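Bear in mind that the values here come from a model prediction, so they are computed numbers and not experimental data.
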Amino acid sequence: MLMLGFAGFLGILKIILMALSAFGLFDAAFRREDAFRAADKQNKVFWLIILGIALVVSYLFSLLSILPIAGAVASIVYLVDVRPALAQVGGGRGWGRRGKGSSSDGPYGPWNGGR
């Protein structure tokens, strides 16, 4: 019974790590290439390859081996270090979100009512 609970815990942890890698991969895919250079991080293709490998490795291998742990570390580094640097640069907010503007902003700037 104890082994069944441990296997269930490892299964849940595996799903969490796969979701972490998938989120990082999709977030990196929707960021602009020049934002990576402006934030002085590795280029976009590098992060797409690393996060894609992390996703595949976390799916194929047991969590008790070293490869899924390395993939989890790569995903955490992207989410904790690279993603905030990209957001600070402002080059591509990811996922098609709009900027932080006022509700009275038009498509060409703020609307001041003809003043």
Side-chain angles (χ1 to χ4, degrees):
M1 181 139 151
L2 185 62
M3 289 301 290
L4 184 63
F6 184 66
F9 173 72
L10 284 181
I12 291 171
L13 190 61
K14 184 173 186 171
I15 290 171
I16 290 171
L17 291 180
M18 285 175 51
L20 188 72
S21 299
F23 176 75
L25 180 65
F26 289 123
D27 185 70
F30 286 106
R31 299 284 176 167
R32 291 179 20 194
E33 171 68 35
D34 58 345
F36 287 87
R37 288 189 304 256
D40 199 26
K41 302 295 177 186
Q42 292 288 334
N43 60 5
K44 181 177 181 174
V45 174
F46 172 82
W47 282 109
L48 289 175
I49 290 171
I50 293 295
L51 293 170
I53 290 172
L55 181 61
V56 169
V57 162
S58 67
Y59 176 72
L60 292 178
F61 292 97
S62 169
L63 289 179
L64 300 177
S65 65
I66 191 72
L67 291 177
I69 295 171
V73 168
S75 300
I76 291 170
V77 165
Y78 176 79
L79 292 175
V80 172
D81 182 40
V82 177
R83 188 170 187 257
L86 295 175
Q88 187 176 20
V89 168
R93 299 188 200 300
W95 302 85
R97 289 183 292 228
R98 297 189 60 187
K100 298 176 184 170
S102 171
S103 63
S104 65
D105 284 354
Y108 304 110
W111 184 74
N112 59 7
R115 292 182 228 162

**Q** Which heavy atom in K14 sits nearest to a heavy atom in L63, and how many Å separate them?
**A**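 Here K14 and L63 meet closest at N-CD1, 3.4 Å.
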**Q** If you round to the nearest 0.5 Å, how far is OG of S58 from CG of L13?
**A**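 Here the rounded value is 10.5 Å.
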**Q** Taking it one step at a time, do L20 and I16 satisfy side chain to side chain contact (heavy atoms under 4.5 Å, CB included)?
**A** CA-CA 6 Å; L20 188 72; I16 290 171; 5.5 Å; no
**Q** In terms of hydrophobic clustering (I, L, V, M, F, W, Y; side-chain heavy atoms under 4.5 Å; direct or indirect links), are Y59 and I69 co-clustered?
**A**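 No, because Y59 and I69 fall into different hydrophobic clusters, even though each may have its own neighbours under 4.5 Å.
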**Q** Restricting to side-chain hydrogen bond (donor to acceptor under 3.5 Å, both in side chains), what partner residues turn up for N43, sequence neighbours left out?
**A**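 Expected list: none.
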**Q** CZ of F30 to CG of L25: how many Å apart, nearest 0.5 Å?
**A**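 The distance works out to 10.0 Å.
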**Q** List the atom pairs, with distances to 0.1 Å, where a side-chain N or O of residues 50-57 and a protein N or O form a donor-acceptor pair under 3.5 Å, not counting sequence neighbours.
**A**
none

**Q** Can you list the residues that meet the side-chain hydrogen bond (donor to acceptor under 3.5 Å, both in side chains) rule with K44, with sequence neighbours excluded?
**A**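 K44: no side-chain hydrogen bond (donor to acceptor under 3.5 Å, both in side chains) contacts found.
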**Q** CG/L67 to OG/S65 distance, rounded to the nearest 0.5 angstrom?
**A**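 Between atom CG of L67 and atom OG of S65 there are 5.5 Å.
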**Q** Is there a chain of hydrophobic side chains (I, L, V, M, F, W, Y, each step under 4.5 Å between heavy atoms) that links V73 to V80?
**A**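 Linked, V73 and V80 end up in one cluster.
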**Q** How about F9: does its CZ atom have over 12 heavy atoms from other parts shown lying under 6.0 Å from it?
**A**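 Result for CZ/F9: open.
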**Q** Testing the basics here: between L79 and G24, what is the closest heavy-atom pair and its distance to 0.1 Å?
**A**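 Scanning both residues completely, I find the closest heavy atoms to be CD2-CA, 4.2 Å.
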**Q** If hydrophobic clusters are built from ILVMFWY residues whose side chains come within less than 4.5 Å, do I76 and I15 share one?
**A**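 No, it is not one cluster - the side chains of I76 and I15 are not joined through contacts under 4.5 Å.
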**Q** Restricting to side-chain hydrogen bond (donor to acceptor under 3.5 Å, both in side chains), what partner residues turn up for S21, sequence neighbours left out?
**A**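 Applying side-chain hydrogen bond (donor to acceptor under 3.5 Å, both in side chains) to S21 gives S75.
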**Q** Salt bridge (Lys or Arg N to Asp or Glu O under 4.0 Å): which pairs involve residues 61-81, sequence neighbours left out?
**A**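 Output for this query lists K41-D81.
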**Q** Linking I/L/V/M/F/W/Y whenever any side-chain heavy atoms sit under 4.5 Å apart, do F46 and I49 land together?
**A**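 In one cluster with F46: I49, yes.
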**Q** Decide yes or no for F36 and V89: does some side-chain heavy atom of the first lie under 4.5 Å from some side-chain heavy atom of the second?
**A**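 No, too far: nothing below the 4.5 Å cut-off.
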**Q** Which residue pairs satisfy the ring-ring contact (aromatic ring centres under 6.0 Å, His included) criterion with at least one member in residues 60-84, sequence neighbours excluded?
**A**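 Residue pairs with at least one partner in residues 60-84: W47-Y78.
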**Q** Can you measure from CG (L48) to CG (D27) and round to the nearest 0.5 angstrom?
**A**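 Taking CG in L48 and CG in D27, the distance rounds to 10.0 Å.
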